[in-house]
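Heads up, the thing below is written out as structure tokens.
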Amino acid sequence: MAPDLTVKIGNLLLKNPVMPASGCFGYGEEYASFYDLSCLGAIVVTGTTATPRTGNPPVRITETPAGMLNAIGLQNPGVEAACVKIRRLQAYKTPVIVNVAGNTVEEYLQVIEVLEREKTVSAYEINISCPNVKAGGMAFGTDPDTAAKLVAALRPATQKTLIVKLSPNVTDIVDVAKAVEVAGADAVSLINTLLGMAIDVERRRPVLANITGGLSGPAVKPVALRMVWQVSEALKIPVIGMGGISNAKDAVEFLLAGATAVAIGAANFRNPTVCPEVINGIENYLTRHGFQSVREIIGLARTQGDR
Amino acid sequence: MMQKRQMEILEHTQLTEEIFRLTLAGGIGAKPGQFVQVGLGPTWEPFLNRPFSVHNCTKTTLSLLYRVVGHGTRLLAQKQRGSILSVVGPLGKGFPPTKRRQAVLVAGGIGAAPLYYLMRMLRAEGKDVIFLYGAKTAAQIVLEDEYRSLAREFYLITEDGTAGTKGLVTDLLPQILGENEAEIFACGPNAMLRAVAQTAAEKKLPCFVSLEAQMACGVGACLGCVVATADGNYRRVCADGPVFAAEEVFRFGS
């Protein structure tokens with residue numbers, strides 16, 4: 001019998017633990033011609049703000065060893081226009097999670113207020129970790145008190161599942177994670193990108209117009225895995241692990257470290273069919289090792305260590 | 001239909017020190033002006049795929065014409081006949097259909113790549129094609145005979161005068177256009193595209209330019225390859241382009 005891949009994140013029952021990472025999957029439609037998006041554990045759409053954002057000037061991306069830097073700057077059409085695109089995802093039989101961003105607590109609230117009317121939206125991922133915008137974004141995610149106040153302000157605004165996306169650009173990610181758990185988050189997702197930069201030696205200036213950008217791809221995986229290990233040990237709520245996952249083996253590592261689900265980001269750019277490939281790969285892994293359910297391996301590397 | 005395919009190299013020819021033509025087995029049903037993303041794996045170096053315009057596309061083959069400019073193209077140049085490449089595409093919007101009888105195609109250097117397929121399709125539709133091929137120097141001109149044989153009129157121009165006329169494509173363009181009601185299609189360096197667009201604007205002729213950008217996803221998801229448009233917004237070179245109406249991306253005077 002095929003192993004059971006279902007997992008629970010807050011109120012969401014996911015058919016499998018694999019979803020694309022916000023910002024790497026547009027509004028879903030970009031990847032819909034490669035495979036049926038219904039196969040995904042969830043669809044996570046790009047960072048959405050109350051009003052349209054033009055984003056940062058180019059150059060916005062550059063390749064780095066085993067990864068890339070980006071400084072998109074939360075370009076999005078604003079929540080009203082985003083709703084039109086989000087409604088199209090009704091066609092797929094999988095939950096839709098919207099990444100929510102803002103400069104102020106009020107702006108986050110405004111976005112949620114509009115999205116509350118959309119029955120296609122199953123959950124929110126609160127973005128307190130975007131490294132590429134001047135105000136808001138990561139500013140909410142680097143201090144546990146500020147993060148907790150934001151989550152406490154958003155919690156009464158919705159019954160839907162509230163996931164908080166954490167920044168790795170902090171001294172102790174566990175402090176921030178614990179603070180948002182106490183403030184009412186249903187789950188945390190980590191990591192967002194690591195702040196980095198690149199310099200063009202011929203032109204003798206930074207490659208990115210924004211000077212700094214967020215590092216992602218296989219290069220960040222060990223850092224992400226360590227943080228997922230630490231956070232899932234300290235929290236009772238589920239962890240969605242991400243950061244450089246590019247194949248099923250990477251995904252299984254995150255599950256063994258304690259993640260209940262995983263998200264795949266930059267790897268989609270290299271391989272547009274990576275998400276279904278990882279789902280199949282996890283199933284094969286479970287079958288090969290005789291597990292009946294993916295839930296049996298969540299955090300298993302930690303408990304094995306105790307024995 | 002946009003897909004990920006594993007395609008075998010049928011032919012890989014070095015045309016000059018820097019320019020190669022790669023022919024892969026399999027039709028992908030691309031339109032002129034569309035592009036593909038080629039994976040250079042299996043290692044993480046380089047991490048991202050590389051975008052290449054479709055140089056030619058038949059029912060059974062896909063050809064790319066590229067210049068070695070960096071790490072990715074250097075690796076690609078080493079791939080041998082019989083190797084398998086991962087190809088994602090066709091991607092982007094191609095050149096729009098032309099209603100006019102005459103088309104003037106302006107190529108700058110390796111920008112000639114997508115214009116071959118465009119010229120072939122325009123000729124199949126019975127259009128009258130004038131081809132203007134510019135480069136820095138004679139060594140950057142490739143497949144001259146193939147381009148020449150498809151065009152009704154063919155002009156060669158190099159900055160150093162080592163082939164054809166000496167000068168820039170825009171030195172020749174106004175007289176080539178004359179009083180013709182032509183449509184202009186251009187691909188090449190940004191400075192050339194801007195100059196071609198300006199000539200077109202002065203003559204009030206429709207002009208379409210094919211842009212190049214560093215890309216990550218190639219499908220419109222990551223918003224990494226945007227170009228600033230004349231109205232102050234950003235558009236995705238991969239999904240909204242790579243072909244744009246000239247007035248969308250260039251603004252002149254007034």
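Bear in mind that the values here come from a model prediction, so they are computed numbers and not experimental data. Every chain is numbered from 1 and lettered A, B, ... according to where its sequence line falls, protein lines coming before strand lines.
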(request) Tell me yes or no: between the side chains of B:Gln14 and B:Thr16, is some donor less than 3.5 Å from an acceptor? (result)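 Their side chains do not contain a donor-acceptor pair, so the 3.5 Å distance test is not met.
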(message) Parallel, tilted or perpendicular, judged at 30° and 60°: which one describes the rings of B:Phe95 and B:Phe185?
(response)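 Perpendicular, since the angle between the ring planes exceeds 60°.
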(request) Kindly assign one of parallel, tilted or perpendicular to the pair B:Phe20 and B:Tyr66, based on the angle between their ring planes and the thresholds 30° and 60°. (result)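 Taking B:Tyr66 first and then B:Phe20, their aromatic rings lie parallel (interplane angle under 30°).
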(request) Under 4.5 Å, counting heavy-atom pairs only, tell me which of B:Lys4, B:Met215, B:His71, B:Gln214 racks up the most with chain A. (result)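 Heavy-atom pair counts peak at B:Lys4.
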(request) Tell me, out of B:Asn233, B:Leu48, B:Val88, who's got the most heavy-atom pairs with chain A below 4.5 Å. (result)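 Maximum pair count with chain A is reached by B:Leu48.
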(message) Need one label for B:Arg235: side chain, backbone, both or neither, based on atoms under 4.5 Å from any heavy atom in chain A.
(response)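 The answer is neither part of B:Arg235.
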(request) Measure distances from B:Thr43 to the heavy atoms of chain A and classify the residue's part below 4.5 Å as side chain, backbone, both or neither. (result)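 For B:Thr43, the contact with chain A is made by the backbone alone.
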(request) Please lay out, stage by stage, how A:Phe25 and A:Leu37 fare under the test side chain to side chain contact (heavy atoms under 4.5 Å, CB included). (result) CA-CA 11 Å; A:Phe25 212 65; A:Leu37 304 182; 3.9 Å; yes
If you count heavy-atom pairs under 4.5 Å with chain B, which of [options] comes out on top?
options                            : result
A:Thr54, A:Thr46, A:Thr64, A:Thr62 : A:Thr54
A:Gly55, A:Ser33, A:Gly217         : A:Ser33
A:Pro58, A:Gly28, A:Cys24          : A:Pro58

With only heavy atoms counted, which part of [X] is less than 4.5 Å from chain B, the side chain, the backbone, both or neither?
X        : result
A:Ala267 : backbone
A:Tyr27  : neither
A:Pro57  : both

(request) State whether the number of non-hydrogen atoms from other residues, nucleotides or ligands found under 6.0 Å of B:Lys79 atom NZ is greater than 12. (result)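 Atom NZ in B:Lys79 is packed in, count exceeds 12.
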(message) If the threshold is 4.0 Å, N to carboxylate O, is there a salt bridge linking A:Arg88 and A:Glu29?
(response)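 So A:Arg88 pairs with A:Glu29 through a salt bridge.
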(request) Measure centre to centre between the rings of B:Phe52 and B:Phe35, then say whether the value is under 6.0 Å. (result)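 No, the ring of B:Phe52 stays outside the 6.0 Å limit from the ring of B:Phe35, centre to centre.
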